[in-house]
Every structure is written in C-alpha cells, then in structure tokens.
Amino acid sequence: MEFEVTHPFHPWRGQRFVLSTRKQNWGEDRVMFYDAQGRLRSLPASWTDCVFR
C-alpha cells in the first residue's frame, strides 16, 4: 500500500511512499516507510492520506 505526505509545510509534501508498517509509536499513530536511500523513516499518520483509510 502506498501513501502520500499531505502536511502543507513538510518538504516531502506530495510524494508517495510504500507503507512498511503503521503503529502506535511515541504516543501517536505513525506510518513507517523506507526513503530513497533505504533508511527507515516515520511520520505521524495525520500528516498523510493514511488517516482517511
């Protein structure tokens, strides 16, 4: 499954990534994914279109 970064001020806004995991982390719902360099990253799910799925 892919998701899009939708936060208006995030530098990755409009970019799509493949969802690796979605879980509660640091007290919030977060999406985990690998960036173009292969590093595992995470963002709050509310900053993506995953929040609507």
Decide whether W47 and M1 are clustered together by the hydrophobic rule: side chain heavy atoms of Ile, Leu, Val, Met, Phe, Trp, Tyr closer than 4.5 Å, transitively. yes
Can you name the nearest heavy-atom pair linking C50 to R22, along with the distance? O-NH1, 3.1 Å
Main chain of E4, side chain of D49: is a donor-acceptor contact present, judged purely on distance under 3.5 Å? yes
Would a distance-only check, ignoring hydrogens and angles, find a side-chain to backbone donor-acceptor pair under 3.5 Å from R30 to T21? no
Aromatic ring proximity F33/W12, centre distance under 6.0 Å: yes
Do the side chains of L19 and E2 get nearer than 4.5 Å, heavy atoms only? no
Grouping I, L, V, M, F, W and Y whenever their side-chain heavy atoms are under 4.5 Å apart, do V18 and V31 come out in a common cluster? no
Y34 with F17, same ILVMFWY side-chain cluster at under 4.5 Å: no
R13 to T6 - nearest heavy-atom pair and separation: NE-O, 3.6 Å
Roughly how far, to the nearest 0.5 Å, is the NZ atom of K23 from the CG atom of D29? 11.5 Å
H7 NE2 to L43 CG distance, which is reported to the nearest 0.5 Å: 10.0 Å
